[in-house]
Each structure stands twice: as C-alpha cells, then as structure tokens.
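First up is the structure itself, then whatever we jot down about it.
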Number of protein chains: 2
Amino acid sequence: MLFQEKHSLYAGCAFLLGRLKPGLERYFTFPVFLHKRYRRLKNTTIKTIAEATQLSLTTVSRVLNGSAKKYRISEETQQLVLKAAAKLNYAPNRAAVSLRLKRSFSVGLVIPTLSNPYFADVASMVSHALRAKGFSVVLMDCDEDENSEVEAVRLLAAQHIEGVIIIPSGSQSAHIDNLLKRKIPVISIDRYHEGIPVSYVATNHYEGALDITQYLLQAGHKKIACLQGSTSVVSNNLRVKGYTDAMKAAGCRFSG
Amino acid sequence: MLFQEKHSLYAGCAFLLGRLKPGLERYFTFPVFLHKRYRRLKNTTIKTIAEATQLSLTTVSRVLNGSAKKYRISEETQQLVLKAAAKLNYAPNRAAVSLRLKRSFSVGLVIPTLSNPYFADVASMVSHALRAKGFSVVLMDCDEDENSEVEAVRLLAAQHIEGVIIIPSGSQSAHIDNLLKRKIPVISIDRYHEGIPVSYVATNHYEGALDITQYLLQAGHKKIACLQGSTSVVSNNLRVKGYTDAMKAAGCRFSG
DNA sequence: CTGAAAGCGCTAACAT
DNA sequence: ATGTTAGCGCTTTCAG
C-alpha cells in the first residue's frame, strides 16, 4: 500500500477541491491548511496593464505576443508594457485565447493505466515531446476499462482538444472513429484497430522476433520453440511470423 | 528500448501536430495518414441549436445545463432542444464556459517522472479521484529536473488551473509559494517543504518504522540495525526516529 | 415559461 | 506607431 490508507490521496484531492468532509483531516500526516474552494480572483488582464500604462489594449497585446517588431512599437513603449506586466504578475488567460483563436493548445493522452510501467514510460515520453512543442497534456487514465476509455474520449472531444494520443484498452473503435469524424487527429500507440484510418506508432514486432531468432540461430541453436499468445492479436501474429520466417530461411524445423 | 527508435514516438507527436518532417514516416510501422494541422471546425454551438429549434440562446443554454426545471421550461421544449443537440453532435465549448465562469475545471499534476512506477501509481490514483469529480488533469512530467518543475508550475499558473497536486523534485519552494500567493490551492505528496503552508499527503514514515521495528523485537530479535538515507531529508529522519523510539521503548541498544 | 443583451479576456481587421 | 471595435461561445441578470 502506498499510503497509510489509500483514501488519504482521495481525501487530498477532495480537500484540494475545497470539499473535504469533516473528520477526514486525519488522513493527512501533517496539519491541513484549509483553503476556500478555489477563490476566483480578479486577475491581471491586458486591460489592467493598458490602464496602468495609459496605452491601448492592442498595443499591450502586441507587445506581450512578441509582435511588437512587426508593428514597429517603440522600444520605450515595449519596456513600459513589459515592466508593468511583470510587476502585476500578468499571465494571459488561456480560456480567452482559446476562445478567440479557436485553439486549445492541448492534446489528450488516453492510457489504459499508469500503474503499468510500460504505459507510464510511454506517457512520460509523450508528455515531453508535447511540452516541448508548447502543448499541454490532458491525462486520462482508464483503469484498463473500455467503458472508461470511451467516456474519456467523449470528454476530450468536448474539450475541443487538438489531438489525441491513445493506447487502446480494448477492441472497440467507434469512439476513435468519432474523433476522426470531428477531424481531430488521433495516433494510436502499440495497438491499432483495423478498418479505420488511424496512424500509429508501435513496436516492430516482426523484425524484433526475426532478429532474436536469427541471433539464436547464429549462436548455433537449431531447435527453437516459440511460445505465442493469442492468435487474434495482431502483434502476436507478427512476432510469430518473424520467428517462422527466420526458421524457414535457416532451413530449420518448427512446429505449426 | 520501447520502440524501434525512441524517435518514433516523437515523430508521432510531431505528426499529430501536423508538422512531421518529410522522411520521418519511416518510423511508423504502418502507413501514416496525414491530417492537416488540426483543422478548425465550425462547431455546433448553442446558437446553431437555437436556430434549428427556433428558440432563444437562453432557453437552449438552460436546457443543456439542466436548469430547465428551475425555469419551468416545458417538457416539450426540452425534448426539442435535447434532440437537436444530439443530432448536431453538440459539445459545449469549454473555453467559452471557462471564460464566462472563470473556472477552468482542471487541476495540474506535477510529477518528477512517470518512469518511476511509484510516481506513476500516485498519478493514476490522483487522476481517478479527480476525474470522478469532473476535473481534467493536466499532466506535467518534469524528468526529475527542478528547473523543469519550476517551469511546469509557471505554465500551470498561466492556465488558471484550479489547483495543483505536486510531488516535488527538489528543495526549492519559491514556485510553490507563488502558487499559494495566487490563491491556488496546492497539495504536496510525499515530500514537503518546511516554511510554507502547503498541505500534504504522505507515507506515515514514523509509524511505519516504529511498527516494523516492534515487529522484529516481538519476534525475539535484539540487535537490529537501521540503514538510513540522507539526514537532510525529513522522511528519513522520521523513519529513524520510529526505529530509535521502538528500540528505546524495548530497552535495546542501538547505534547513534 | 421565454427572450434580449451584457460581458468574461483576448486578437485581428480596419482605421488613423 | 498606436487606437477602435467586433466578436469568439457561453451564462446570467433583468425584463417581460
């Protein structure tokens, strides 16, 4: 067990959401600092900055977006804006930008479960690649449950996500097809569904099996067994094919 | 190595973003279906539905938000709206809702690295708890790098996230304090920083060490060693204290 | 029971 | 070199 009680983490989240039930504080090993439920703040907006600097919204926006040069905004003005922004701790409101630009700058990552180190590893890599490109990653852990996966995809679609990276849990594909219909790019990792045009990245099962069989053959072995999984799984069949091809090429006997 | 080449995944992401460099298709084991860079679509909005049903935006919005009862909207009207919404495959624009409501419905999850199964496990649990409450999880994998963590927190703050759950990589705390200053609730998992009022959930190191030492003592052992880690880490010290307390109580000798 | 209109924060024509 | 303004999609007073 990770924690004293698994519930401690849930309590932690509930707390974070400002909805911790009384009495649950005991799950925390140290005092709990009770925030109010996320206080909406009157944030610094470009308007605040515009007023502070006596400039127009446009000018402020342009400086903050780095298109100052394009509009030949004077160095002086730029510094003025930048200073004000820094002082006011300005951060652009992504919701507003999203709405205006019709881009969400985020992509969904649908994973069977992060408890599986292999999937977690993939998630880690994907997360890096995406962050480097300036995208946020919206994580959906599906607990290896197909219904949960379908629901996750629905949620992502509603968020007007810009793309989805998915490691499918099961064999359903209607939900993925729905994404495609909405013109949302999807890439599938390691497993794929036949019949729908989804691009995917996967282990090269065939060549891997071929290579390892050849390796054993070169080491002088003749009688090599291949333990296979379910014959209805594409990846399994590819591995078996790699094995049989290598055996055939070497003129060795193999069962099946 | 997970994939033929680690780059395949990166290529996958680049592809997803519509920016795959020519020639990189070879990293895909199967044909790549080239989407355009995320085509912005004229989505179904409540306005579309309003026009289709000859109702006002207000009424449509109310039905779709479940506040139909409150405003006593007739069953007939409701059905009309609901049908139209389903037919048009309507999904509310979260950016617009966020902007209007000043809520993002998402919380940030900052993890040293998902490659560590322990952290991945935590991420999995957090993700579930949050999803159950209707929140999205924005994942930030920091590659065990403190600078990356600081950057991640900055990014999250800019997204007007509603809360942050973090497993800190290092000992810096200024970035976390900054979150607190913005009134963004933070909970820290497993490690914490002294000096700032962050609530956290953690392994109960002290009691765990106490329990296990007592267990050994009850089993009749007398000479029990305790291998400790860095003395500058709080969790380590708590474990050591659990050990020494148990030894003292039993009247046994221990080093240090 | 239903609708009109304002406004959330931002960007991009379109002025000047 | 800088400003005015419309509008992204949604919710919510306020007004029937």
Side-chain angles (χ1 to χ4, degrees), chain A residues 38 40-82 84-85 88-105 157-162, chain B residues 38 40-82 84-85 88-105 157-162:
Chain A
Y38 181 63
R40 304 172 193 182
L41 9 78
K42 43 163 185 27
N43 281 305
T44 309
T45 72
I46 51 172
K47 193 174 168 193
T48 326
I49 299 179
E51 282 163 2
T53 57
Q54 298 284 18
L55 287 165
S56 74
L57 297 178
T58 319
T59 306
V60 174
S61 171
R62 295 213 254 245
V63 173
L64 263 19
N65 284 310
S67 47
K69 202 158 287 172
K70 191 170 151 195
Y71 292 96
R72 306 189 210 170
I73 292 171
S74 72
E75 189 58 37
E76 195 184 6
T77 309
Q78 287 186 50
Q79 287 311 320
L80 192 65
V81 172
L82 259 15
L88 294 168
N89 206 7
Y90 172 78
N93 183 324
R94 293 249 304 212
V97 177
S98 276
L99 182 58
R100 180 64 232 233
L101 261 33
K102 296 191 179 234
R103 309 244 286 112
S104 66
F105 299 100
Q159 275 184 56
H160 294 253
I161 225 80
E162 292 192 32
Chain B
Y38 181 64
R40 305 174 193 183
L41 9 79
K42 46 165 186 21
N43 281 305
T44 307
T45 71
I46 51 172
K47 192 175 170 191
T48 326
I49 299 179
E51 282 163 2
T53 57
Q54 299 285 14
L55 287 165
S56 73
L57 297 179
T58 319
T59 306
V60 174
S61 169
R62 296 214 253 244
V63 172
L64 263 19
N65 285 309
S67 48
K69 202 157 288 172
K70 190 171 152 195
Y71 291 96
R72 303 189 213 170
I73 292 171
S74 72
E75 189 58 36
E76 197 183 6
T77 309
Q78 288 186 49
Q79 287 310 320
L80 192 64
V81 172
L82 259 15
L88 294 167
N89 206 7
Y90 171 77
N93 183 323
R94 292 247 308 210
V97 177
S98 276
L99 182 58
R100 179 64 230 234
L101 261 34
K102 299 194 176 223
R103 312 243 284 111
S104 66
F105 300 100
Q159 276 184 54
H160 295 251
I161 225 81
E162 294 191 31

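Residue numbering restarts at 1 for every chain, and letters A, B, ... go by the order of the sequence lines.
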What's the [atom1]-[atom2] distance between [X] and [N], to the nearest Å?
X	N	atom1	atom2	value
Leu55(B)	dA4(C)	CG	C1'	14 Å
Leu80(A)	dA1(D)	CG	P	17 Å
Leu64(B)	dG9(D)	CG	C1'	12 Å
Arg72(B)	dG16(D)	CZ	P	19 Å
Glu76(A)	dT2(D)	CD	P	8 Å
Lys70(B)	dT11(D)	NZ	P	12 Å
Leu99(A)	dA6(D)	CG	P	17 Å

Is the shortest side-chain N/O distance from [X] to OP1 or OP2 of [N] below 4.0 Å?
X	N	result
Lys102(A)	dG9(D)	yes
Ser74(A)	dT2(D)	yes
Thr59(B)	dG3(C)	yes

*Check the pair Thr48(B), Tyr90(B) against side-chain contact (heavy atoms from CB on, under 4.5 Å), reporting the backbone distance first and the verdict last.*
CA-CA 9 Å; Thr48(B) 326; Tyr90(B) 171 77; over 6 Å; no

Counting N and O atoms only, with roles assigned by atom type, does the side chain of [X] sit under 3.5 Å from a partner on the main chain of [Y], one being a donor and the other an acceptor?
X	Y	answer
Ser98(A)	Arg103(A)	yes
Thr59(B)	Leu55(B)	no
Gln159(A)	Arg94(B)	no
Thr44(A)	Leu88(A)	yes

*Give one of base, sugar-phosphate or nothing for Thr77(B), where a contact means two heavy atoms less than 4.0 Å apart.*
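Sugar-phosphate: the residue Thr77(B), judged by heavy atoms under 4.0 Å, touches backbone atoms but no base.
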
*asked:* Could you tell me if Thr58(A) and Ser61(A) have a donor-acceptor pair between their side chains, going purely by distance under 3.5 Å?
replied: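 There is no such pair (donor and acceptor under 3.5 Å, judged by atom type) between the side chains of Ser61(A) and Thr58(A).
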
*Can you give one letter per nucleotide of nucleotides 10-16 of chain C, going 5' to 3': B for a protein heavy atom under 4.0 Å from the base, S for sugar-phosphate only, - for none?*
BBBB---

*What distance separates Gln78(A) CD from Leu64(A) CG, expressed to the nearest 0.5 Å?*
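Rounded to the nearest 0.5 Å, the CD-CG separation comes to 10.5 Å.
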
